[in-house]
Protein chains: 2
Amino acid sequence: MTRSRSRRANEAWESLLTAHASLMKRFAAEPIWGELSMREYDVLYTLSKHDGPLRLFELGRGVLLSQPALSRLVERLAERGLIERTPDPEDGRGVRLALTEAGRERQRRVGGRHAVDVARAVTAALTDEEMAQLEAIGRKLAAQGAATPAQRNRQEAVL
Amino acid sequence: MTRSRSRRANEAWESLLTAHASLMKRFAAEPIWGELSMREYDVLYTLSKHDGPLRLFELGRGVLLSQPALSRLVERLAERGLIERTPDPEDGRGVRLALTEAGRERQRRVGGRHAVDVARAVTAALTDEEMAQLEAIGRKLAAQGAATPAQRNRQEAVL
DNA sequence: TTAAGGTAGATGCAAACGCATGAAGATCGC
DNA sequence: GCGATCTTCATGCGTTTGCATCTACCTTAA
């Protein structure tokens, strides 16, 4: 790999990081969250995307949080009546997580307002083409991040 | 604004979020960080990018952390001898932050290893053109996030 | 069948975080 | 020039996080 290609990769990643931090701060400052933290909303949103119940470790893939922290975050949301936690009948170790009706309603309310802010910020900054590019690029990067070390080794071996 | 344009904006943002979480997890799992947390490294890196000393609130713009949390993170790094904190002669309220020699050396060591991982992941996922697109898109989004509410109002008034 | 190793989630505990607030200096208006 | 307001950073305090570890269950193979 050329030196400049590595450098460009790092610049692109730093650019993504900066955009992320900058916009996250802006979104967090919006007065739309009510009693929810952004992390809590993230969990409710992830559950709302999938129709069936999710396992804790599946939820963990999408959330930037340690397993114990996520376990307790879910516990708190369950105590507040937004999530229902039931033992998984197919795996005695597991838990099945699903939104309660209150949780679903809360996600919709907050999510609707948040989507407006996201749309405002992103459409103000990007053209339609750039939005499409970002979506495709994000998808590729996420797939790369999700790859297991073994898969990555195989991938490297091919190069 | 059309409904689908808003929807595309949200999909693009979600794509960025997913990529961010996915790759951050992967990078965090790499055994390169030594005694540094990624947030601590982020601060050291930000200081290393600017040659002159930085004010605390300037540092805060780039870091996704509350002001008190950043204040204490800097305090801990100063206690460990990686950052030097001196009162700002031009503003009695302020603090000037700079890397010590040990801090600079530590940033270089860890940063070098981290850059290798970033390059591996990003170059494996993206073409050169996509990397360039991501860099440009991130720059635009960051600028949008950094705009003050007043600036955004003016911007909207024009539309 | 059962022992060995692996995986899912919970818990103890110290460290770190966010919110609210305080202290001290800067800035603006009259 | 001086009080009112704003800005910058620090601190008290309750909450949340991460690391290490534990328990319970699943899986594999002899």
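Letters A, B, ... mirror the listed sequences (proteins, then strands); counts begin at 1.
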query: For DNA chain D, whose closest nucleotide is more 5', that of A:R39 or that of A:P89?
result: A:R39
message: Using OP1 and OP2 only, check whether a side-chain N or O of B:R93 sits under 4.0 Å from C:dA23.
response: no
message: Measuring to OP1 and OP2 of D:dT8, would you say a side-chain N or O of B:R55 lies under 4.0 angstrom away?
response: no
message: What contact category does B:D88 fall into here, base, sugar-phosphate, or nothing, at under 4.0 angstrom with non-hydrogen atoms?
response: nothing
To the nearest angstrom, how far is [X] atom [atom1] from [N] atom [atom2]?
X     : N      : atom1 : atom2 : result
B:M38 : C:dA16 : CE    : P     : 17 Å
A:E90 : C:dA8  : CD    : P     : 15 Å
B:L70 : D:dT11 : CG    : C1'   : 15 Å
B:W33 : D:dC19 : CH2   : P     : 13 Å
A:L36 : C:dG18 : CG    : C1'   : 16 Å
A:L65 : D:dC19 : CG    : P     : 11 Å
B:R96 : C:dG25 : CZ    : P     : 18 Å
A:F57 : D:dC25 : CZ    : C1'   : 14 Å

Under a 4.0 Å threshold between the charged nitrogen and the carboxylate oxygen, would [Y] count as salt-bridged to [X]?
X     : Y      : answer
B:E30 : B:R113 : no
B:E14 : A:R139 : no
B:D88 : B:R93  : no
B:D91 : B:R55  : yes
A:D42 : A:R39  : no
A:E84 : A:R96  : no

message: Quick check on the helix from C:dT1-D:dA30 to C:dC30-D:dG1: what's the angle between its two end axes, five base pairs per end, to the nearest 10°?
response: 30°
Strictly under 3.5 Å: I want the nitrogen or oxygen pairs between protein and nucleotides 10-12 of chain C, one per line.
unit_1: C:dA10; atom_1: OP1; unit_2: A:R85; atom_2: NH1; d: 3.0
unit_1: C:dA10; atom_1: OP2; unit_2: A:S71; atom_2: OG; d: 2.2
unit_1: C:dA10; atom_1: N7; unit_2: A:Q67; atom_2: NE2; d: 2.9
unit_1: C:dA10; atom_1: N6; unit_2: A:Q67; atom_2: OE1; d: 2.9
unit_1: C:dG12; atom_1: N7; unit_2: A:R72; atom_2: NH2; d: 3.0
unit_1: C:dG12; atom_1: O6; unit_2: A:R72; atom_2: NH1; d: 3.2

query: Without hydrogens or angle criteria, can the side chains of B:Q107 and B:Y41 be said to hold a donor-acceptor pair below 3.5 Å?
result: yes
Step-by-step side chain to side chain contact (heavy atoms under 4.5 Å, CB included) determination, A:M131 to A:E135: CA-CA 6 Å; A:M131 291 193 283; A:E135 220 234 291; over 6 Å; no
- prompt: How are the rings of B:W13 and A:H20 set to each other: parallel, tilted or perpendicular (split at 30° and 60°)?
  reply: parallel
